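Below: the structure, in structure tokens.
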Amino acid sequence: MKKFQIIVFISGNGSNLQSLIDKTKESKCPYEINCVVSNNPEAYGLERASINNISSVVLDHNSFKSRSEFDSALEKEIEKMSFDLIVLAGFMRIINKNFIKKYEKKIINLHPSILPKYPGLDTHSKVIENKDKFHGATVHFVDEGLDTGKIIGFSKFKTKEINSYDSLLAKTHEIEHKLLPKICSLIALGKVIFKNEEVFINGKFYKKGKEFIF
Ligand code: GAR
């Protein structure tokens, strides 16, 4: 039987892409990655894809005259592919509304905060500024808003013993690398479903998304 197919969108280092790739090396992994898409030709994630024989597509947003030209080129590329899910893993471009509508409930995003706290950029600095006791990462379905789609799950940690921006970032990455492959696997296994416009995991509804403890 054909495995569940994922396309991963990246813009940079791709450490989360790597965590998704690493999971595919486990015999029971229910998904495979059929393509990596990057808007940045220098993204190290492209190297990771190549090392692992995963095809990639580069659409350098700087080489397009306008945002809408980039958006339609992206749409054309994706139309050619067969896939079950798009995973935004550090993709630092806002996705066009038509694209989101077209692939409704088929795009998820990884975000470095405990949503709905801190949508957008600079989440780690905000955690430091506000002296938050917890920080974490969330995976949600993408809708037309900025990091506002239905939350699937999140993972959090105490910030108490973490005393620098870099260590906060590192700890966030550490949990992201577990959270994202876990949620992709659950989706691939058909365990994450929409019912009455709400997300259910293993048949259970979680008002704020399911907390994953690693
Ligand atoms: C991750 O921390 C991800 O949560 C964040 O970018 C990083 C990418 O790291 N995404 C966003 O900020 C999206 N708004 P990676 O390239 O090493 O996977």
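As the structure lists them, so they are numbered: ligands from 1, and atoms in each ligand from 1. As the structure is a prediction and not an experimental result, all values here were calculated from the model.
With hydrogens left out, the protein atom closest to atom 16 (O) of ligand 1 is G14 N, 2.8 Å, a heavy atom. When hydrogens are left out, the protein atom nearest atom 17 (O) of ligand 1 is S15 OG, 2.6 Å; that is the closest non-hydrogen contact.
Taking a cutoff of 4.0 Å between a charged side-chain nitrogen and a carboxylate oxygen, E79 and K102 qualify as a salt bridge. Between K195 and E198 there is no salt bridge, since no side-chain N of the basic residue sits under 4.0 Å from a carboxylate O of the acidic one. Using a 4.0 Å cut-off between charged nitrogen and carboxylate oxygen, E129 and K126 do not count as a salt-bridge pair.
When the options H111, H124, E176 are ranked by their closest heavy atom to atom 14 (N) of ligand 1, first place goes to H111. Between atom 8 (C) of ligand 1 and the options P119, G120, G90, the minimum heavy-atom separation is to G90.
The cationic group of K106 lies under 6.0 Å from the six-membered ring centre of F83 and within 45° of the ring axis, placing it in a cation-pi geometry.
Any N or O atom pair closer than 3.5 Å counts here, and D147 shares no such pair with ligand 1. Geometrically, ligand 1 and F91 share no nitrogen or oxygen pair separated by less than 3.5 Å.
Each of S113, P112, S125 was compared with Y118 under the side-chain contact (heavy atoms from CB on, under 4.5 Å) criterion, and only S113 meets it.
Listed by atom number, the atoms of ligand 1 under 4.0 Å from L110 heavy atoms are 4 (O), 10 (N), 13 (C). The ligand atoms of ligand 1 that sit less than 4.0 angstrom from a heavy atom of H173 are 1 (C), 2 (O), 9 (O), 17 (O).
By the 4.0 Å heavy-atom criterion, M92 is counted among the residues contacting ligand 1. Not a single heavy atom of A137 sits under 4.0 Å from any atom of ligand 1.
Contact of the Q18 side chain with the N52 side chain is registered, since non-hydrogen atoms from C-beta on lie closer than 4.5 Å.
Outside the 6.0 Å centre-distance limit, the rings of F154 and F134 are not counted as a close aromatic pair.
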